[in-house]
Amino acid sequence: YHCYCSPERLEAVRTEQQAQKSQYQGYDRHCRNLTAEERAEKENEGIKPVIRLKVPTEGKTSFTDILMGKITRKNSDVSPDPILLKSDGFPTYHLANVIDDHLMEITHIMRAQEWIPSGPLHILLYEAFGWEPPLYCHLPMVMGKDGQKLSKRHGSTAVAEFRKEGYLPEALLNYVSLVGWSYDGSREFFTKEELEELFSLEKINKAPGVFDYKKLEWFNGQYIRQKSDEELLELLMPYLEATGWDLSNKAVLLHLTAVAKDRLKVLKDIVVLARFLFEEPSWDDCSLFAAKGVDLSVASIALKRAYEILRSGLEAKKEQSVIEEELAALAGELGIKINGVFQPLRVAITGSTVSLPLFDSIELLGFDHTMNRIEDALKQVQKGIE
RNA sequence: GGUUCCUUCGUCUAACGGUUAGGACGGGAGAUUCUCAGUCUUCAAAUAGGGGUUCGAUUCCCCUAGGAACUACCA
């Protein structure tokens, strides 16, 4: 039916209902039973009407949900006479949805549980048109950590964002399949093909699930580790290329990939791990050179001596294990822990106390470059002590 | 407020009405070790509360509590 109520009147009705804490909420069906004269009068005033659905005030409407079972709602509880056609002639969602699905010959509607309350309204619409309603399956929603509808403030929510962060499609798919569903309670790894085979609506949980970014990360790490070095490098390239670094040495990149593989949670992480290869450390904070419980002056000596051991060892092409032993011996001599020697080296070479394994870092960087860096670092430490 | 849906470790979940309530993530401890990771071992951690039905209830029923969604001329 045509409704001529102004937005202002609707708003007034709404605030009045709220103020009264009225049990009845929504449109008051003001225009539902206008006489022909009253309508003509409104038309003459030039008011463009909306078209509302005359929802029955008696009886109930129900439909069967594949997951939820029978859902029934009293017609008096269905949204009172919702707008179907707006005053500008455009349909609202409910009208468009029903017509579109019907014309598209949709047989099954699977949507989130937040749509359950609109179910009876849609059924009413199908009945009004004399159409056969489709089958419904309302799926549990996915919530954020706070138990509210997952939204932007919980982190990434769009597939494109997950991809940008460096989540593998197969990891995301695998993880998401396990929110609200399980196969047998113990098996967790599924390929897309296996999911096509094994996924079943019947085993979907009714309760909403919380999206666990930690577990997604874990899945992603698992899938990353399943890749060959070559495959992984290919996936990593876009992230590396975005930095503007010189990536011409494929052998180095492959070695980098192999060493970084265990350390990646998301592909994007490669940038942090690789930075030392392409940018010179600044060593702004000299205290980084000193391991816990080690004096900076001692660290300085350790670095100097370690540098000599490294240089002669590498020049003589000694085994890594031999050089390691020599470095360990140095630590013993200085009365500090092994890390007291490794940390200043690590900081000198990579600029950070956290890095890829030391000898891999050296090999990636190359002998000359490594030596130069340690020499520079030595100067920094001297300045730091003074 | 009203309507509807939901309720097993912190999180995702498993358990023909009969199990020491299982697995995974995360957390703790330990091993490996040059840091960080990774890997391995290991520990803690739950049936929301109250009534029924039953020889027996996580499982079936009722009540309470809690949570969520919806309640637009948005979708």
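Values below: all heavy atoms of this structure, side chains included; hydrogens, waters and symmetry mates excluded.
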Position toward the 5' end of RNA chain B (nearest nucleotide), A:Asp88 or A:Gln320 |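 Closest to the 5' end, via its nearest nucleotide, is A:Gln320.
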Closest nucleotide of RNA chain B for A:Thr353 versus for A:Asp77: which of these residues is on the 5' side?
->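 Here A:Asp77 is the residue nearer the 5' end.
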Please pick, from [options], the nucleotide with the shortest atom-to-atom distance to any side-chain atom of [X].
X	options	answer
A:Lys86	B:A75, B:U35, B:G38	B:A75
A:Glu324	B:A75, B:A37, B:C34	B:C34
A:Leu358	B:A14, B:G38, B:C34	B:C34
A:Trp218	B:U7, B:U35, B:A24	B:A24
A:Asp262	B:C6, B:G38, B:G26	B:G38
A:Asp212	B:A75, B:G10, B:G38	B:G10

Same cluster (ILVMFWY, side-chain, under 4.5 Å), [X] and [Y]:
X	Y	result
A:Leu273	A:Val266	yes
A:Val210	A:Trp181	no
A:Ile116	A:Met110	no

Distance between the [atom1] atoms of [N] and [M], in whole angstroms?
N	M	atom1	result
B:U11	B:G26	P	16 Å
B:U64	B:G18	P	29 Å
B:U71	B:C12	P	25 Å
B:C63	B:C6	P	14 Å
B:A21	B:C16	P	15 Å
B:U35	B:C43	P	26 Å
B:A46	B:G27	C1'	16 Å
B:A75	B:C70	P	15 Å

Which part of the nucleic acid does [X] contact within heavy-atom distance under 4.0 Å: base, sugar-phosphate only, or nothing?
X	answer
A:Asn97	nothing
A:Leu178	sugar-phosphate
A:Gly180	sugar-phosphate
A:Glu325	nothing
A:Val210	sugar-phosphate
A:Arg225	sugar-phosphate
A:Leu345	nothing

For nucleotides 61-72 of chain B, print each protein N/O atom paired with a nucleotide N/O atom at under 3.5 Å, atom names and distance only.
residue	atom	partner	partner atom	Å
B:A68	OP1	A:Gln148	NE2	2.5
B:A69	OP1	A:Lys149	N	3.3
B:A69	O2'	A:Glu114	O	3.2
B:C70	OP1	A:Glu114	OE1	3.4
B:C70	OP1	A:Lys149	NZ	2.7

Under a 3.5 Å cut-off for both contacts, is [N] paired Watson-Crick or G-U wobble with anything, and if yes, with which nucleotide?
N	answer
B:C25	B:G10
B:C55	B:G18
B:G1	B:U71
B:U33	none

Short side-chain to backbone donor-acceptor contact, A:Trp131 and A:Leu125, under 3.5 Å |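 It does not hold such a pair.
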Check for a donor-acceptor pair, side chain of A:Lys203 on one end and backbone N or O of A:Tyr183 on the other, with a separation under 3.5 Å.
->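 Such a contact is found between A:Lys203 side chain and A:Tyr183 backbone.
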Strictly under 6.0 Å, is that where the ring centroids of A:Tyr213 and A:Trp218 end up?
->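 Judged by ring-centre distance (under 6.0 Å), A:Tyr213 and A:Trp218 do not meet the cut-off.
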May I ask you to check whether A:Phe211 and A:Tyr175 place their ring centers less than 6.0 Å from one another?
->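 So the answer is yes for these two rings.
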Ring-face cation of A:Arg39 near A:Tyr4 (centre distance under 6.0 Å, axis angle within 45°) |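 No.
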Kindly write out the residues that satisfy side chain to side chain donor-acceptor pair (under 3.5 Å) with A:Tyr1, not counting sequence neighbours, or none if the list is empty.
->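 Scan of A:Tyr1 (side chain to side chain donor-acceptor pair (under 3.5 Å), adjacent residues dropped) gives A:Asp81.
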